[in-house]
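Each residue takes its place number in the sequence, starting with 1.
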Amino acid sequence: MSLNFGRTLLAIPGPSVMPDRVLSAMHRASPSIYEGELIELTASLFPDLQKVARTEGSAVIYIGNGHSAWEAALCNTLSRGDRILVLSTGLFALGWAEMARGLGLDVQILEFGTDADADPARVEQVLREDTDRRIKAVLTVQTDTASSVKNDVPKIRRAIDAAGHPALYMVDCIASLACDHYEMDGWGVDLTVAACQKGLMTPAGLSFVFFNEKADRARDTAGLVTPYWDWRPRAAAKVFSNRFAGTAPTQHLFGLRVALDILLHEEGLEAVWNRHRLFARTVWAAVEAWGIGGNMRLNIQDATKRSSAVTTIWTGEGEARRLRAWTEHEAGLTLGLGLLLRKGENADHGDLFRIGHMGHLNIPMMMATLGTIDAGLKTLGIPHGDGGLTAATRVIAEYER
Ligand SMILES: *Cc1c(COP(=O)(O)O)cnc(C)c1O
């Protein structure tokens with residue numbers, strides 16, 4: 001007997017659960033792309049996107065997923081053969097690095113393993129040793145979605161400054177924007193990439209690049225720029241279609257408008273960050289309690305280094321695979337796949353899974369995820385401490401109204 005005959009739930013780190021209001025706003029006939037509502041609505045998105053990234057720099061929208069923003073960022077600022085320094089703390093910065101290599105960049109990886117954040121002191125040391133200033137950009141993710149570590153973005157900025165190094169500072173906030181506290185201008189970030197399907201609660205299809213004047217000056221000499229990815233005509237567009245180098249992603253823009261209204265104008269960005277932190281702590285408390293008397297443990301030990309958007313969890317061998325299969329097929333809950341192995345390592349992830357807790361999320365959704373996992377552990381006879389759900393609800397009960 002399967003018990004999966006109700007509304008299913010996704011608890012993966014993107015796509016996140018979309019608000020019904022966002023989906024309804026997208027369910028409409030295509031509007032005029034020449035005049036009227038769509039033109040005004042699109043113009044209203046940019047200042048709100050800047051508010052979410054906390055920047056007065058420019059914002060451009062690409063039709064694509066997060067990878068498109070990665071490519072746009074590199075192509076607008078760098079030339080073939082340029083060296084970049086990539087801070088590796090899981091898997092996602094390595095993905096960006098691989099793309100950079102494919103574009104002909106000279107990629108230097110600074111490795112921090114898969115259970116720790118990037119150490120700013122090591123970043124400073126490498127930049128100091130780069131005496132002829134060959135490194136043109138430092139790339140990091142804020143949240144690595146595979147390890148669920150959160151890098152200290154302002155501290156890495158201070159390390160770059162302490163080394164007196166002129167490299168551009170580029171941060172991938174695809175998993176963290178509108179989940180974790182982020183201040184692009186306040187923290188001295190030159191370029192931020194993001195996408196709409198995680199904290200921004202809109203079906204995949206839009207990506208964003210935010211850039212300041214320093215990054216835009218790099219565009220003057222960027223040899224990798226191509227007509228489609230060029231951010232200049234998009235940022236300076238007088239004709240509507242130039243914003244998108246072609247047809248606008250019309251329905252997505254209506255959806256994003258509603259998502260930004262909810263985040264900025266109904267809840268408020270700081271409340272959004274606080275809610276994510278609370279739910280993240282709820283998950284950690286449950287996992288720690290399950291771990292007493294079982295094999296479960298959080299990948300990131302130091303709570304101050306953990307993402308508010310996703311949590312990576314180890315189990316005994318095979319337990320995560322069995323648990324995910326049960327929640328998916330018997331219960332109706334999709335948990336995130338474990339995703340930490342590097343190329344060449346061939347074990348599959350029987351002992352690793354992730355819980356995404358990003359975006360449109362309330363207490364019943366959070367408790368449905370944790371309660372389903374608890375039921376799965378019991379049904380499958382996976383050893384675990386019994387206090388997971390109590391620990392979770394205790395965290396929720398602490399919240400400040
Ligand atoms: C999801 C994610 C990406 C990739 O985004 P896609 O939309 O799948 O291309 C890149 N970086 C981080 C940190 C992510 O979480």
Legend entry - Under 3.5 Å side-chain donor-acceptor pair for Asp185 and Thr55: yes
Legend entry - Expected output: side-chain Thr143 to main-chain Ser176 donor-acceptor under 3.5 Å: no
Inset, instruction - State whether the side chain of Asp117 and the backbone N or O of Val149 hold a donor-acceptor pair below 3.5 Å, judged by distance alone. - result: no
Legend entry - Heavy-atom donor-acceptor pair, Lys214 side chain to Pro166 backbone, under 3.5 Å: yes
Inset, instruction - Look at Arg134 together with Asp106 and state whether they make a salt bridge at an N to O cut-off of under 4.0 Å. - result: yes
Legend entry - Exercise: identify the closest heavy-atom pair between Ile109 and Ala97: CD1-CB, 3.8 Å
Inset, instruction - Please answer whether the main-chain N or O of Arg54 pairs with a side-chain N or O of Tyr182 as donor and acceptor at a distance below 3.5 Å. - result: no
Legend entry - Cationic tip of Arg306 above Trp284 ring, under 6.0 Å, 45° of axis: yes
Inset, instruction - Just say parallel, tilted or perpendicular for the rings of Trp229 and Tyr62, cut-offs at 30° and 60°. - result: tilted
Legend entry - Side-chain heavy atoms of Phe112 within contact of Asp144, under 4.5 Å: no
Inset, instruction - Report yes if some heavy atom in the side chain of Leu103 is under 4.5 Å from a heavy atom in the side chain of Leu78; otherwise report no. - result: no
Legend entry - Note: Arg234-Asp230 ion pair, threshold 4.0 Å (strictly below): no
Legend entry - Side-chain heavy-atom pair Glu98, Leu94 within 4.5 angstrom cut-off: no
Legend entry - Centroid separation His276 to Trp273 less than 6.0 Å: no
Legend entry - CD (Glu183) with more than 12 external heavy atoms under 6.0 Å: yes
Legend entry - Under 3.5 Å donor-acceptor, Asn76 side chain and Asp216 backbone: no
Legend entry - Side-chain donor-acceptor contact under 3.5 Å, Asp190 with Asn212: yes
Legend entry - Atom CZ of Arg394 with >12 non-hydrogen neighbours under 6.0 angstrom: no
Inset, instruction - Compare every heavy atom of Leu352 with every heavy atom of Ala320, then report the nearest pair and how far apart it is. - result: CB-N, 3.3 Å
Legend entry - Test: Arg217 cationic atom under 6.0 Å from Phe211 six-membered ring centre, within 45° of axis: no
Legend entry - Minimum-distance pair of heavy atoms, taken over all atoms of Ser79 and Leu105: O-CD2, 3.2 Å
Legend entry - Donor-acceptor pair between Asn4 and Ser2 side chains, under 3.5 angstrom: no
Legend entry - N/O donor-acceptor pair under 3.5 Å between Asn65 side chain and Ala204 backbone: no
Inset, instruction - Take the angle between the ring planes of Phe240 and Phe244 and call it parallel below 30°, perpendicular above 60°, tilted in between. - result: perpendicular
Inset, instruction - Would you indicate whether Glu129, at its atom CD, is surrounded by more than 12 heavy atoms from other residues, nucleotides or ligands within a distance under 6.0 Å? - result: yes
Legend entry - Val310 vs Ile12, side-chain contact (heavy atoms from CB on, under 4.5 Å): CA-CA, chis, key distance, verdict: CA-CA 8 Å; Val310 55; Ile12 67 175; over 6 Å; no
Inset, instruction - Determine the minimum heavy-atom distance between Ala195 and Phe208, stating which atoms define it. - result: C-CE1, 3.7 Å
Inset, instruction - Find out whether Thr315 and Met296 are in side-chain contact, i.e. whether some heavy atom of one side chain is under 4.5 Å from a heavy atom of the other. - result: yes
Legend entry - Main-chain N/O of Arg354 paired with Arg324 side-chain donor or acceptor, under 3.5 Å: no
Legend entry - Side chain proximity check, Val193 to Glu71, heavy atoms < 4.5 angstrom: no
Legend entry - Test log, rule side-chain contact (heavy atoms from CB on, under 4.5 Å), inputs Asp351 and Glu317: CA-CA 5 Å; Asp351 56 351; Glu317 183 48 51; 3.6 Å; yes
Inset, instruction - Write down the atom of Ala175, the atom of Thr145, and the distance for their closest heavy-atom approach. - result: CB-OG1, 3.2 Å
Inset, instruction - Count the heavy atoms of every other residue, nucleotide or ligand shown that sit under 6.0 Å from NZ of Lys155, and state whether that count exceeds 12. - result: no
Inset, instruction - Kindly indicate, with the supporting measurements, whether the criterion side-chain contact (heavy atoms from CB on, under 4.5 Å) is fulfilled by Phe279 and Thr369. - result: CA-CA 11 Å; Phe279 287 148; Thr369 296; over 6 Å; no
Inset, instruction - Indicate yes or no: at least one non-hydrogen side-chain atom of Leu45 is less than 4.5 angstrom from one of Leu253. - result: yes
Inset, instruction - Salt-bridge test for Arg232 and Asp220: reply yes if a basic N is under 4.0 Å from a carboxylate O, no otherwise. - result: yes
Legend entry - Backbone N/O of Thr114 and side chain of Asn299: donor-acceptor pair under 3.5 Å: yes
Legend entry - Distance-only polar pair, side chains of His357 and Thr311, donor-acceptor under 3.5 Å: yes
Inset, instruction - Answer yes or no: is there a donor N or O on one side and an acceptor on the other, between the side chain of Gln251 and the main chain of His27, under 3.5 Å? - result: no
Inset, instruction - Would you indicate whether the side-chain heavy atoms of Leu260 and Leu200 approach each other to under 4.5 Å? - result: yes
Inset, instruction - Please answer whether the main-chain N or O of Ser308 pairs with a side-chain N or O of Asp180 as donor and acceptor at a distance below 3.5 Å. - result: yes
Inset, instruction - Could you check Leu87 against Asn151 for side-chain contact (heavy atoms from CB on, under 4.5 Å), going step by step and ending with a plain yes or no? - result: CA-CA 10 Å; Leu87 314 186; Asn151 284 305; 5.9 Å; no
Inset, instruction - Show your working on salt bridge (charged side-chain N to carboxylate O under 4.0 Å, His left out) between Asp48 and Lys51 and close with a plain yes or no. - result: CA-CA 5 Å; Asp48 281 351; Lys51 281 183 199 130; 3.2 Å; yes
Legend entry - Note, Pro31 side chain near Thr250 side chain (heavy atom, < 4.5 Å): yes
Legend entry - Charged N-O contact under 4.0 Å between Arg21 and Glu266: yes
Legend entry - CG-CG distance between Asp302 and Asp115, expressed to the nearest 0.5 angstrom: 11.0 Å
Legend entry - Basic-acidic side-chain contact under 4.0 Å: Arg128, Glu124: yes
Legend entry - Approximate separation, where rounding is to 0.5 Å, of Phe210 CZ and Trp231 CH2: 12.5 Å
Inset, instruction - Mind listing the closest non-hydrogen atom pair of Ala146 and Leu91 along with its distance? - result: CB-CB, 3.7 Å
